[in-house]
Structures are given as structure tokens and as C-alpha cells.
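Scroll down for the structure; my scribbles are underneath it.
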There are 2 protein chains.
Amino acid sequence: MPTTTSQFLNGVPELLVLRLLRDREMYGYELVEAIRAASNDKLTFAEGVIYPVLHALERDGALSTRRQTVNGRSRVYYSVTPTGKDRFDALLAHWQRVHSTIATIVETPRHA
Amino acid sequence: MPTTTSQFLNGVPELLVLRLLRDREMYGYELVEAIRAASNDKLTFAEGVIYPVLHALERDGALSTRRQTVNGRSRVYYSVTPTGKDRFDALLAHWQRVHSTIATIVETPRHA
DNA sequence: CATCATACCTAGAGACAATAGGTAATGAAT
DNA sequence: ATTCATTACCTATTGTCTCTAGGTATGATG
């Protein structure tokens, strides 16, 4: 039985994919560049990371697809379904809870 | 060649271990309880997670050990070395950079 | 005397991400 | 013409961690 998101982190590629696609549909290759750009090159997820995430999210009904050929090159556009929106909200809430817990521990001086 | 910390997260058990030991030396079993307590039961890392982390950090020179027997039970006390302090600083900085990058992306509305 | 709490430990599985490929078309450069 | 870079898709394998599930042993409690 899968644990979904280990105990806390991981699922960051998924979080970013859902976040960016929430604003507008994109195709995989575009997303890879978009994440790099949105993070000012601080985060780079190669295609080998992003494509499997897209496929998994589509399989789970979080994303829907639309195929289009542009300049002889075929693109697969992904957009977020209602299920996907819920999934994003849950992921984000989880991420924020975990982060604040860790931040508190790290910043709190211990007794004695 | 090992990547140390994937690209961003993971290494949270390590981060917390170093953080708590920075304040005072502790033995493994104690640490497990301390993390649970410090997080108000929101985070639990079982012994099977913590012990391997301790061993790896010791192997890397980030922790030093001291053995002591109390009430017939033998304890291994860990404390942070200068190397360990550096490692914690680096881990924390990395964690914070990544988090702020992700937070920015998540919170930033995209153009059109 | 059995059970629980303390205290140590490791092996194996499972979940990701990361690397390293591979296909194919277009367009620019030589 | 042909090579190379870019666009655009894809998957299989590896690697790194976390997690579960055990196992040992002592001391305290009922």
C-alpha cells in the first residue's frame, strides 16, 4: 500500500506541475522550461522527471490531455481537473504544515 | 557520485537530528522521543530511521560518540562536531533556499 | 513470570527523483 | 547535402533515501 508522500516532502515536482498548470494548460517540454524560469534557474527538473509525473497525474484523473500538432511537432497539452485542484490543495496544505513544523523546531532554542 | 540531498528535500531526519544535538548531546532512543515531542507528535521518525542516520553522520565525522551504561542499559551519546555544525548550517541554508523558491512559485500568480 | 518500557541494532522493501538513454521532426549552419 | 541544435515526446535503470519489520537484551511493574 503506497504512502502517497512518504511522511512529508517529496512530491515537489508534482506540486509545481499542478501549480503551474492551474494557471494555464501547458505541454511537457514547455513545463520543464517554465519551472526553470519560474525558479530563476534554481530548480531544474529534467524531462525524465516531469513526464512520468504528468503520466501519473493523468492516470489518477488529476490532469486531462489534449493533443495538438504545431509545425509538424506533436504536443500534449495538460490541464488540471477538479480532482487535480483538490490534490493540489491537499499537497500544498501538507507541505505547509510540514514546513512550519520543521521551521519551528529548527528555530526554537531548547531548554537548558 | 552521490548527490548528497537529491535536489532539495529529504535529509529532514538528518536536519532535525543535527539541530537537536546541537543544543545538547543525546542518545538515539532519547532523540526519537525528542523529535516526536518537539513536533507535538506531528513528526515521528522511528528508530529504524534515526539509528542509520546517526551511524552515517558519525561515519562522516559530523557526530562523535560516548558510551555510557545507566541502570545496566548501555547508551550511546552523540554530540555534534565542528564538521557537523558546518553540515547543519549548509543543510539549513539549502532547505531554506529551496523552500523560499517553492513558496514563491506557489504564491506568485502567473501573467495572463 | 509475563509484559511493558528502555535501548540498541540491521535487512529488506518501497517510493521517489535522477540519469541516461532513445525516437523523430524542424531549422540553422557549414 | 549534411551535420548539429532545438523542439518534443518517451521509458528503463539506477540511486538515494525513508520506512517497515523485524531481532536482541536489560530493568521495572503487576
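Order of the sequence lines sets the chain letters (A, B, ...), proteins ahead of strands, with each chain counted from 1.
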Interatomic distance, [X] [atom1] vs [N] [atom2] [rounded to whole Å]:
{"X": "B/Tyr29", "N": "D/dA25", "atom1": "OH", "atom2": "P", "answer": "18 Å"}
{"X": "A/Met26", "N": "D/dA8", "atom1": "CE", "atom2": "C1'", "answer": "15 Å"}
{"X": "A/Glu47", "N": "C/dA17", "atom1": "CD", "atom2": "P", "answer": "16 Å"}
{"X": "B/His55", "N": "C/dA7", "atom1": "NE2", "atom2": "P", "answer": "15 Å"}
{"X": "B/Arg75", "N": "D/dA25", "atom1": "CZ", "atom2": "C1'", "answer": "15 Å"}
{"X": "B/Tyr51", "N": "D/dA25", "atom1": "OH", "atom2": "C1'", "answer": "12 Å"}
{"X": "A/His94", "N": "C/dC16", "atom1": "NE2", "atom2": "P", "answer": "11 Å"}
{"X": "B/Ile50", "N": "C/dT6", "atom1": "CD1", "atom2": "P", "answer": "17 Å"}

If you define the side chain from C-beta out and look only at heavy atoms, does anything of [X] sit under 4.5 Å from [Y]?
{"X": "B/Arg75", "Y": "B/Met26", "value": "no"}
{"X": "A/Trp95", "Y": "B/His99", "value": "yes"}
{"X": "B/Arg87", "Y": "B/Asp60", "value": "yes"}

Pairwise 5' ranking along DNA chain C for B/Tyr78 and B/Glu33, keeping only the more 5' one: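 This one resolves to B/Glu33.
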
Comparing B/Leu54 and A/Ala46 on DNA chain C - which has the more 5′ nearest nucleotide: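 Result: B/Leu54.
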
Proximal nucleotide (of D/dC19, C/dT6, C/dC16) relative to the A/Asn10 side chain: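 That would be C/dC16.
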
Candidate nucleotides D/dC9, D/dT18, C/dA17, ranked by approach to the side chain of A/Val76 - the nearest: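 Side chain of A/Val76 sits closest to D/dC9.
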
Touch class at under 4.0 angstrom, heavy-atom based, for B/Glu30 against every strand present: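 Contact class for B/Glu30: none.
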
Sugar-phosphate only, base, or nothing, as touched by B/Gly28 at under 4.0 Å among non-hydrogen atoms: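 Here B/Gly28 touches the backbone only, sparing every base.
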
B/Ser64: side chain to side chain donor-acceptor pair (under 3.5 Å) partners, not counting sequence neighbours: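 B/Ser64 satisfies side chain to side chain donor-acceptor pair (under 3.5 Å) with B/Ser79 once adjacent residues are dropped.
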
Nucleic acid contacts - residues 57-74 of chain B versus DNA chain C, non-hydrogen atoms under 4.0 Å: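 Per residue number, the list reads B/Arg73, B/Ser74.
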
Net bend of the helix from C/dC1-D/dG30 to C/dT30-D/dA1, end axes of five pairs each, nearest 10 degrees: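 It comes to 10° between the two terminal axes.
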
